[in-house]
Amino acid sequence: MLHRRQILMASVAAAALLLAGATAQAEDCTITLGAAVSLTGKYSTNGKHTKNGYDLAIKVINDKGGVKVGGKTCKLAVKYYDDESTPARGAALAERLIQQDGVKFMLGPYSSGLTKAIAPITEKFKVPMVEANGASRSLFTKGYKYLFAVLSTSEQYLQSAIALAAENADKMGKKPNQMTVALAIENDPFSQDIRAGVMDDAKKYGMKIVIDDKLPKELNDMSTTLTKVKALKPDILIVSGHAKGAATAVRQIAEMRVDVPVVAMTHCDSAKIIKKFGDKAEYTLCASQWAPTLKYADDYFGSAADFAKLFEKTYGYAPPYQAAESAAAVLVYKAAFERAGALDPARVRDALAATDMMTFYGRVKFDETGKNVAKPMVLYQVLKGKYVVVAPSKWAEAKAVIPRPKWSERK
Amino acid sequence: MQNLQLLFQAPVFNVQLFLDGLFIGAIFALAAFGMALVWGVMNIINVAQGEFVMLGGFITLLVVQAGLSPLLGIPAAALALFVLGWLLYRLVIWRIVDGDMFISLLATFGISIMMQQLMNEIFGADVRTAESGLGVWYLFDGMVTVTQIKVAAFALSIVIGLLLWLFLKNARLGQAIRATAQNARAARILGVDTDRVYAATYAINAALCGAAGALVVMAWSIHPYMGLPYTLRSFMIVIIAGLGNLAGVIAAGLGLGVAEQFAGFLLGAEFQLAFVFLLLVAVLVGRQISLARKRQYLK
């Protein structure tokens, strides 16, 4: 008796399992992307922007019907780990995502350093990674086949600033090759790439580098460098040292009344220089990957401005470019899945390599090294307390004010 | 070399570097007072020194957010850090006072990591500044700029150094602190509550750092990971000045500040901190040699 009851129960259980399995197959198709993002540690602010960008894009794509892969409709999801802003941890987590969690597609972390640590892992397991926050050019000289970056690489960050200064050389009564440049750039791989780009361009115009200071990573005082700037009176001052570099520079340039005709920086918006320093930030030129005022558009977010509006509604703050490029990375993945028609990493990789699409973030087209070569960097200038795009001329909203008025002439 | 010529051609920049060095050196000295005290009295090297400075800055930011003048942040930060120092003593430090130096390094290192991550969690990793509302003086035709908050920071740390000296010399608790530093066991036998003395010492140290942090956020900037350079500089200053020598701490602090500014100007910003370490090595080696000579003499 007992024996037969056991068999009966077992078969019922088996049937239930089968049924559950069948329904799961029919409805539940989820593509899980893996990401190790800095939620704690020194990159946590930008790590959160990155995560918010990914999350918003996933929500929008899922709300609009998900991803159609080979006749099935799939939802997108992301499995996150916190890499604590340390490269070693990021690499370990990437391995865990791929080997233990079975993730077949990776999104990038925040920062070049973390991307550098993770790329060898994804390469080893032949898992594609679309990243949006690793701009260091050394990422694209190693022959990686599975790494794709939607953003402009670091050496392009401030090249437009040098070009802009050269265009305006006559306003300072000089020729471009008579101009002098002061560099105050942080001593990390990413910032040094920016420096390399600036050096190349300065050389092209025949400009002379008169100061070449490497800022320390614990920087909170650059008065020695600025004293040198005051002494040598260069025509262009370039500052790049993440958010702390921009904040320190804007504040101390104003305090010490350093008069330089062209001052260009990176990371102005993550340093919130307008909100924090008001008038002191005026006329500063800032490099940016993206701006909400650009005339880019796609079917998911609409225009760049629409993205900004939606982002602000969802998260309560205006999107920095780090969030925008992260969202764009998810859009690129979505399109590649659909073109590949299968969830096979090798086929998706090939589809990614063939990407050529317009997004609210700009055009995305990868060269053979995996970097996006279709989108230019833009240059803002702070004018009347607003960021205004001044270069490249195709997207400019206004003409740049060069030279900056002297401090003694400002009210 | 070219930078050196510059200093001779335009001597006015020497003034700027010298003044900036004095101002930042005064802040270093302020943090170093506390380290000298804790080291001398409790035989603990407090690795969380720089984190106390950072906390003082964040408390000042809270004062600003409450709509008050950031200058009020100086007493507020000192008070809040005093309480925190006392609590930390009751929670952690009392267990390690008589222990191995290595244990105390580990424990205070742990406290420093905790504070970094906690502040990162609460305030985020952004760089923060507070506007003191004080102005800037322009000397020599605007070639030399002096922000008034830096002058205030300088004056304040000299005053605090003097007060600390008077307190240690005359106040009952100050005398108890000195007695404990000389011989804790004897002090205990003579009725000094050394546990309370330790608590007070650690709390005073935190309060001094808190005040320094309030000045740092107004004159420069803070973020959760700024602590280490301040800890290292305090350490360096105390090593140069020796324990229990407050005048020496001020002198060493100011000297280090000025030396750093000139090193940064001449060698480039990347060597500013490297120069500090080089100096540290030189001082340690120098000490070793002079001590060895003394020992030989005694033989």
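Each chain gets a letter, A, B and so on, in the order its sequence line appears, and its residues count up from 1.
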Problem - Under 4.5 Å from any heavy atom of chain A - which part of P229(B) - result: side chain

Problem - Reported CD-to-NZ distance for the pair E131(B) and K276(A), which is rounded to 0.5 angstrom - result: 10.0 Å

Practice task
Heavy-atom distances under 4.5 Å only: say whether K272(A) touches chain B with side chain, backbone, both or neither.
Solution key: side chain

Exercise for the section: Please say which of D20(B), V216(B), I24(B) ends up in a side-chain contact (heavy atoms from CB on, under 4.5 Å) with D221(A). Expected result: I24(B)

Practice task
Taking K228(A) for its side chain and F265(B) for its backbone only, find out whether a donor-acceptor pair lies under 3.5 Å.
Solution key: yes

Exercise for the section: Would you indicate whether Y138(B), at its atom OH, is surrounded by more than 12 heavy atoms from other residues, nucleotides or ligands within a distance under 6.0 Å? Expected result: yes

Problem - Which portion of F262(B) sits near chain A, non-hydrogen atoms under 4.5 angstrom - result: neither

Problem - Contacting region of F123(B) [heavy-atom separation from chain A under 4.5 Å] - result: neither

Practice task
Name the region of T225(A), side chain, backbone, both or neither, that has any atom closer than 4.5 Å to a heavy atom of chain B.
Solution key: side chain

Exercise for the section: Sort out for me which of E255(A), E186(A), K217(A), R251(A) touches chain B most, counting heavy-atom pairs under 4.5 Å. Expected result: R251(A)

Completion exercise
Looking only at heavy atoms, the pair that brings A269(B) and L215(A) closest together is CB-CD2, 4.2 Å

Exercise for the section: Look at S44(A), A243(A), P216(A), G41(A) and state which one has the largest set of heavy-atom pairs under 4.5 Å with chain B. Expected result: G41(A)

Exercise for the section: Check each atom of I222(B) against the heavy atoms of chain A and say whether the ones under 4.5 Å are side chain, backbone, both or neither. Expected result: neither

Completion exercise
Under 4.5 Å to a heavy atom of chain A? For Q261(B) that would be both

Handout entry: Atom pair OG/OH of S85(A) and Y225(B) - distance to nearest 0.5 Å
Key = 6.0 Å

Problem - Contacting moiety of V12(B), where chain A heavy atoms sit under 4.5 Å - result: neither

Handout entry: For the student: nearest non-hydrogen atoms of K230(A) and T145(B), plus distance
Key = NZ-CG2, 3.7 Å

Completion exercise
Whatever's closer than 4.5 Å to a heavy atom in chain B on T248(A) counts as side chain

Handout entry: Residue pair K244(A) / M226(B), side-chain heavy-atom distance below 4.5 Å
Key = no

Practice task
Under 4.5 Å heavy-atom distance to chain A, tell me which part of T129(B) shows up: side chain, backbone, both or neither.
Solution key: both

Exercise for the section: Determine whether more than 12 heavy atoms belonging to other residues, nucleotides or ligands lie under 6.0 Å from atom OH of Y315(A). Expected result: yes

Fill in the blank from the handout: To the nearest 0.5 Å, atom OG1 of T40(A) lies from atom CG of L118(B) at 12.5 Å

Exercise for the section: Answer yes or no: is there a side-chain heavy-atom contact under 4.5 Å between Q252(A) and W220(B)? Expected result: yes

Exercise for the section: Any chance you could measure H223(B), atom NE2, to N220(A), atom CG, to the nearest 0.5 Å? Expected result: 6.5 Å

Fill in the blank from the handout: So, the part of Q116(B) with a heavy atom under 4.5 Å from chain A: the answer is neither

Problem - Rounded distance (nearest 0.5 Å) linking atom CE of M143(B) with atom OG1 of T227(A) - result: 9.5 Å

Practice task
Of all the heavy-atom pairs spanning V127(B) and A247(A), show the shortest one and how long it is.
Solution key: CG1-CB, 4.3 Å

Practice task
Please look at A231(A) and chain B and tell me whether the side chain, the backbone, both or neither of the residue comes under 4.5 angstrom of a heavy atom of that chain.
Solution key: both

Fill in the blank from the handout: So CZ of F13(B) and CG of L232(A): to nearest 0.5 Å the spacing works out to 8.0 Å

